[in-house]
2 protein chains.
Amino acid sequence: MAARHEEIAQELRQAIDRGEYPVGGTLPTETELSARYGVSRGTVRQAVAALTTEGRIGSRQGARRVVLGNRRSQSFAELRSFAQWAHAMGRTATGRVLDQHRRPATLEDAEKLQIKPGDEVLQVLRVRGLDGEPVLLERNVYAAWMADSVERLPADCISVVQALYEDIGMIFAYGEHVIDAVAAGAEDARLLEVRRGSPLLRIRRVTTTPAGRPIEWSDDRYISGTVSFTVANSIGSNPLARQAGQA
Amino acid sequence: MAARHEEIAQELRQAIDRGEYPVGGTLPTETELSARYGVSRGTVRQAVAALTTEGRIGSRQGARRVVLGNRRSQSFAELRSFAQWAHAMGRTATGRVLDQHRRPATLEDAEKLQIKPGDEVLQVLRVRGLDGEPVLLERNVYAAWMADSVERLPADCISVVQALYEDIGMIFAYGEHVIDAVAAGAEDARLLEVRRGSPLLRIRRVTTTPAGRPIEWSDDRYISGTVSFTVANSIGSNPLARQAGQA
DNA sequence: GTCATCGACTTGTTCGGACAAGTGATTCCG
DNA sequence: CGGAATCACTTGTCCGAACAAGTCGATGAC
């Protein structure tokens, strides 16, 4: 957080959370913020642009910016790492590897990881919980160049993302997520201790390095009622997209 | 699309979709793009910033930008309007109002719509379908100042958003969505023609005007397998947030 | 009283410049 | 041959300025 515009964005976020700028009210003008923080208008605009994409404030030409909400959106690390997210929520995360083996890449693996079919991949099945209760079933497929590092992790590793960062400096930089709902299959039900057919929230994602190289893809299934996802959008930018289901 | 940086962003999007900049490859440098389009570097940066938040390209200081994917994300209108989204997918949307009545606002209504408890609101129950098949059950609550316009709509109105825009110039500008999975209740099951307990993807959202005034909130339940949501994020920006479930 | 006009104010767009910070290939040295 | 240092290149940050475009309240005409 060295950049000045990030500092300002953070201060504005906190001010909104404190109620200094109430929901439905307006933010100070760019000129006033420039003077207050002693920066140029461009720097202020970078800061408020961040809050806008987060959905905290709305922006229209000619009118002051409006505070839309004070919901706190977790950081990327918290989003991508179940353990760090749980920690931020004041909950205790658990995790256990149930199965782990190497196999040749299927066509699906090859497409998602940008490798050739038949190349070796590492498949991992994990169950994760909050405060001892199972919450999430995670099926991961890692590219071969990651496999060694993942296999070295202990079976009860809490935070895979953090462990890989400390171990080999691996950073998970980008992710694409597809969200839908499915019924629990036989294996899902047994491992998550729910009835077959129970609704599960499914998130399928592909993660890449900062250089754009795919690291892994994953199929996460959350027990209904344990976790929800929040997304904000505006007429100017919509990170979220609805797609017809081809299951 | 008057702004030059938006034009450039659109051209870059199309170039990526055409395969001119293949996935895994790099984009030209900012300097080169500046020269090509005859604009300053700042304008180019605004354009590529848009593609970055969409998750199409990755960005790291010192290195050229990387193409992450060419998935096309729908426009805001398509996201917010079931009808417009269906049209863009080449499907036919249907819709029917099952129930519509005014009632006093509950505490939940009041909080979400920023009104006082007891103020009048308009509740609407709609079922919507694709190509004749029911797909989505929609429970809407509109603020009183919108009620008249909504009531004037025909019961089989396909696109509520578009009708309200043409009728009174109402624009849905911001939205916040909470996504989770639930089991179909008795009413859900009957109206959607699925078994009780079937998994449904639930989207709860609040929509506001450009000025930040809440218009309506909604509880949408999609039949599993018919629709999925996609979101992209990066280490620098994450519109998506995971939250512990208090259902 | 109602409505149109006006004008101060605010955000959006774009330019040009300067420097900091990080990357990646090359070069050089042991 | 391997690894460290170098260096050109690229993106990130920040400044200051100017004008366009839209909002919103006040003013004034009818």
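Letters A, B, ... mirror the listed sequences (proteins, then strands); counts begin at 1.
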Do the side chains of B:D219 and B:R204 get close enough for a salt bridge, i.e. N-O under 4.0 angstrom? no
Would you mind classifying the nucleic acid contact of A:R65 as base, sugar-phosphate or nothing, using non-hydrogen atoms under 4.0 angstrom? sugar-phosphate
So if I take the C1' atoms of five pairs at each end of the helix from C:dG1-D:dC30 to C:dG30-D:dC1 and get each local axis, what angle do the two axes make, rounded to 10 degrees? 10°
Name all residues meeting the side chain to side chain contact (heavy atoms under 4.5 Å, CB included) criterion together with A:I158; count only those two or more places apart in sequence or in a different chain, and write none if there are none. A:A83, A:A93
Under the side chain to side chain donor-acceptor pair (under 3.5 Å) test, residues paired with A:Q100 that sit two or more places apart: none
Nucleotide interval of DNA chain C bounded by contacts with chain B (heavy-atom cut-off, under 4.0 Å): C:dT13 to C:dG24
Are B:R56 and B:D17 within salt-bridge range, i.e. N to O under 4.0 Å? yes
List for me each residue that meets side chain to side chain donor-acceptor pair (under 3.5 Å) alongside A:E20, sequence neighbours excluded, and say none if there are none. A:R18
Taking any atom under 4.0 angstrom from a heavy atom of chain B, which nucleotides of DNA chain D are the first and last to qualify, 5' to 3'? D:dT10 to D:dT13
Report the residue (B:A63 or B:H5) whose heavy-atom-nearest nucleotide on DNA chain C is the more 5′ of the two. B:H5
Could you pick out which residue, A:P28 or B:Q46, lies toward the 5' side of DNA chain C when each is mapped onto its nearest nucleotide? A:P28
Please enumerate all residues that pass side chain to side chain contact (heavy atoms under 4.5 Å, CB included) together with A:A147, with sequence neighbours excluded. A:R102, A:L122
Taking side chain to side chain contact (heavy atoms under 4.5 Å, CB included) as the test, write out the residues that go with A:E30, two or more places apart. A:R41, A:V44, A:R45, A:R65
Residues two or more places apart in sequence or in another chain: which of them pass side chain to side chain donor-acceptor pair (under 3.5 Å) with B:Q114? none
Contact class for B:R60 vs. all strands (heavy atom < 4.0 Å): base, sugar-phosphate, or nothing? sugar-phosphate
Any side-chain heavy-atom pair from B:F82 and B:R128 closer than 4.5 angstrom? yes
Go through the structure and list residues passing salt bridge (charged side-chain N to carboxylate O under 4.0 Å, His left out) with A:R13, not counting sequence neighbours. A:E54
Who are the side chain to side chain donor-acceptor pair (under 3.5 Å) partners of A:R152, not counting sequence neighbours? none
Heavy atoms within less than 4.0 Å of DNA chain C: which residues of residues 29-42 of chain B have one? Give them sorted by number. B:G38, B:V39, B:S40, B:R41
Any chance the side chains of B:R103 and B:Q123 put a donor and an acceptor closer than 3.5 Å? yes
Between B:A211 and B:Q61, whichever has its closest DNA chain D nucleotide further toward 5' is B:Q61
Run the numbers on A:Q10 and A:L12 for side-chain contact (heavy atoms from CB on, under 4.5 Å), then give the verdict. CA-CA 5 Å; A:Q10 190 57 33; A:L12 290 175; over 6 Å; no
